[in-house]
Asks: 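Got a structure here, written out as structure tokens. Questions coming.
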Amino acid sequence: MLKQERQQKILEILNGEQRVIASDLSQRLFVSEDTIRRDLKELDNKGLIRRVHSGAMRIGPPVVDFSTRKNVMNELKMDLAKKALEFIKEDMVLLIDGGTTNLHFVNQLPLTLKATVITNSPPIAMALTNHNDIEVIMIGGTLFKESMVNLGVNTVEFLDNIRADLYVMGIHKIDPNIGISVPSLGEAEVKRKMASVSNEILAMVTSDKLNTFSNHIVTPASALTYLITDNDQSDILSSYHSQQITVVNE
């Protein structure tokens, strides 16, 4: 098998299995572990995978700005948002951060719902202008345009003075062992604080984000109370079930 064919096979295996071990790949592809390690290094340098100790992981969705993500997988995100509605009750204090799936979620909230929504996302706040019975509290800070959320010291300090019933967390990447992660340190700090001031945490996660990771860890995956996803692979979902997370995928 030529190097290019072998590396393509590695990508195909990763897409199906989420992560690979170098020693296992060497046996499956009939080459030495050194050859596999070189392949993994080259694929990592090309930005196609993420090398980890003893192997590699699927890299997950690329980092793109909010306006671009608004036009991706809208029907799927809407389906996940509808499933999340069953966890919303009257008079809840909801903490909702940024993300296009979260935007679909607030657009699905009934106009008659009585609740308080606290958010650091201008698009989320604007989407609730017609919900007369929802009090919207906007958290200030420095606008991080890539994700369209406010971040910084003032954002974190504001969160010291609240307690939310449910935090609807936008997910960039999540892995059952590594945890929930994002590319931006500032966003990780705010998300971590939001998690710490919330009784429960709900996340809507498309399959391409499962079992992937980024540079800055927010919390362990086990911090989630509810995980709503379109994924139906039992071997993947079991790793989240085992952490006492309520997984909804139907």
Side-chain angles (χ1 to χ4, degrees), residues 60-72 77 81 84 88 91-109 113 115-174 178-205 209 212-221 223-226:
V63 179
V64 293
D65 61 31
F66 184 86
S67 60
T68 301
R69 286 184 283 119
K70 278 181 67 176
N71 300 312
V72 177
K77 293 173 182 177
I88 306 305
D91 298 317
M92 263 189 161
V93 175
L94 299 171
L95 184 55
I96 307 175
D97 64 5
T100 54
T101 307
N102 281 1
L103 184 57
H104 280 289
F105 169 73
V106 297
N107 284 329
Q108 297 294 321
L109 291 175
L113 178 69
T116 299
V117 169
I118 304 170
T119 183
N120 65 329
S121 167
I124 297 291
M126 290 297 296
L128 292 168
T129 54
N130 292 324
H131 289 71
N132 294 330
D133 292 321
I134 294 181
E135 180 183 10
V136 181
I137 299 173
M138 185 74 204
I139 309 174
T142 301
L143 181 64
F144 180 47
K145 295 179 182 178
E146 184 177 282
S147 299
M148 290 299 291
V149 290
N150 293 329
L151 304 176
V153 174
N154 292 338
T155 313
V156 173
E157 288 180 349
F158 178 93
L159 291 164
D160 283 329
N161 300 307
I162 70 164
R163 190 76 200 174
D165 297 309
L166 180 68
Y167 170 25
V168 182
M169 180 191 288
I171 298 293
H172 179 70
K173 297 188 178 181
I174 179 172
I178 297 171
I180 298 164
S181 58
V182 293
S184 159
L185 175 61
E187 201 165 3
E189 290 173 342
V190 170
K191 284 179 175 291
R192 190 178 304 117
K193 185 65 177 181
M194 287 181 165
S196 73
V197 300
S198 302
N199 295 336
E200 295 184 321
I201 304 173
L202 178 148
M204 297 164 282
V205 186
K209 297 178 180 180
T212 64
F213 72 98
S214 192
N215 302 95
H216 300 285
I217 306 301
V218 177
T219 65
L224 291 183
T225 313
Y226 310 106

Asks: Can you tell me how far apart CD (Glu200) and CG (Leu94) are? Round to the nearest 0.5 Å.
Replies: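 If I round to the nearest 0.5 Å, the distance is 11.0 Å.
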
Asks: Given 3.5 Å as the limit, does a donor-acceptor pair link the side chain of Thr219 with the main chain of Arg192, or not?
Replies: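 Answer holds: no.
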
Asks: Distance-only criterion, 3.5 Å: show the donor-acceptor pairs between side-chain atoms of residues 126-141 and protein atoms not counting sequence neighbours.
Replies:
from   : atom 1 : to     : atom 2 : distance (Å)
Thr129 : OG1    : Met126 : O      : 3.1
His131 : NE2    : Leu109 : O      : 2.9

Asks: Please report the closest heavy-atom contact between Phe105 and Met204, naming both atoms and the distance.
Replies: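 Nearest heavy atoms, Phe105 then Met204: CB-CE, 3.7 Å.
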
Asks: Looking at CG of Asp165 and CE of Met92, how far apart are the two atoms once the value is rounded to the nearest 0.5 Å?
Replies: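 One finds 5.5 Å between CG of Asp165 and CE of Met92.
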
Asks: Closest approach of Val190 and Gly152, non-hydrogen atoms and distance?
Replies: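 Of all heavy-atom pairs spanning Val190 and Gly152, the closest is CG2-N, 4.2 Å.
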
Asks: Taking all non-hydrogen atoms of both residues into account, name the closest pair between Pro122 and Leu143 and its distance.
Replies: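 So the two residues come closest at CG-CD1, 4.1 Å.
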
Asks: Is a side-chain donor or acceptor of Thr101 paired with a backbone partner of Lys77 at a separation under 3.5 angstrom?
Replies: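 No, Thr101 side chain to Lys77 backbone: no donor-acceptor pair under 3.5 Å.
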
Asks: Could you walk me through whether Ile201 and Leu224 pass side-chain contact (heavy atoms from CB on, under 4.5 Å), step by step?
Replies: CA-CA 5 Å; Ile201 304 173; Leu224 291 183; 3.6 Å; yes

Asks: Once side-chain hydrogen bond (donor to acceptor under 3.5 Å, both in side chains) is applied, what residue pairs with a partner in residues 150-164 remain, sequence neighbours excluded?
Replies: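 Found Asp160-Lys193, Arg163-Asn199.
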
Asks: Is there a side-chain contact between Asn120 and Phe158 in this structure, where contact means two heavy atoms from C-beta onward sitting under 4.5 Å apart?
Replies: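 SC-SC contact between Asn120 and Phe158 ruled out.
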
Asks: Are the side chain of Ser181 and the backbone N or O of Ser214 linked by a donor-acceptor pair below 3.5 Å?
Replies: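 At least one qualifying donor-acceptor pair exists.
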
Asks: Rounded to the nearest 0.5 Å, how far apart are CG of Leu95 and CG of Leu166?
Replies: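 Reported value, rounded in 0.5 Å steps: 9.0 Å.
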
Asks: Please report the closest heavy-atom contact between His216 and Ala188, naming both atoms and the distance.
Replies: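 Shortest heavy-atom separation between His216 and Ala188 comes out as CB-CB, 3.8 Å.
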
Asks: Report the distance from atom CG of Leu159 to atom CE of Met194, rounding to the nearest 0.5 Å.
Replies: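 Those atoms lie 5.0 Å apart.
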
Asks: How long is the straight-line distance from CG of Leu202 back to CD1 of Ile171, given to the nearest 0.5 Å?
Replies: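 Ile171 CD1 to Leu202 CG: 9.5 Å, rounded to 0.5 Å.
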
Asks: Taking the side chain as C-beta and beyond, is there a heavy-atom pair between Ile96 and Ile118 under 4.5 Å?
Replies: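 A side-chain contact under 4.5 Å is absent here.
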
Asks: Check whether any side-chain heavy atom of Val106 sits under 4.5 Å from a side-chain heavy atom of Val117, and report yes or no.
Replies: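 No - every pair of side-chain heavy atoms lies 4.5 Å or more apart.
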
Asks: Sub-3.5 Å donor-acceptor pair from the side chain of Asn215 to the main-chain atoms of Pro183, do we have one?
Replies: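 Not at all, since once roles are kept as given, no pair shorter than 3.5 Å links the two residues.
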
Asks: Can you tell me how far CD of Glu146 sits from CD of Glu187, rounded to the nearest 0.5 angstrom?
Replies: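 So the CD of Glu187 and the CD of Glu146 are separated by 8.0 Å.
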
Asks: Holding to side-chain hydrogen bond (donor to acceptor under 3.5 Å, both in side chains), I want the full list of residues that pass it with Asp97, two or more places apart in sequence or in another chain.
Replies: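 In terms of side-chain hydrogen bond (donor to acceptor under 3.5 Å, both in side chains), with neighbours along the sequence ignored, Asp97 is linked to Asn102, Tyr167, Lys191.
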
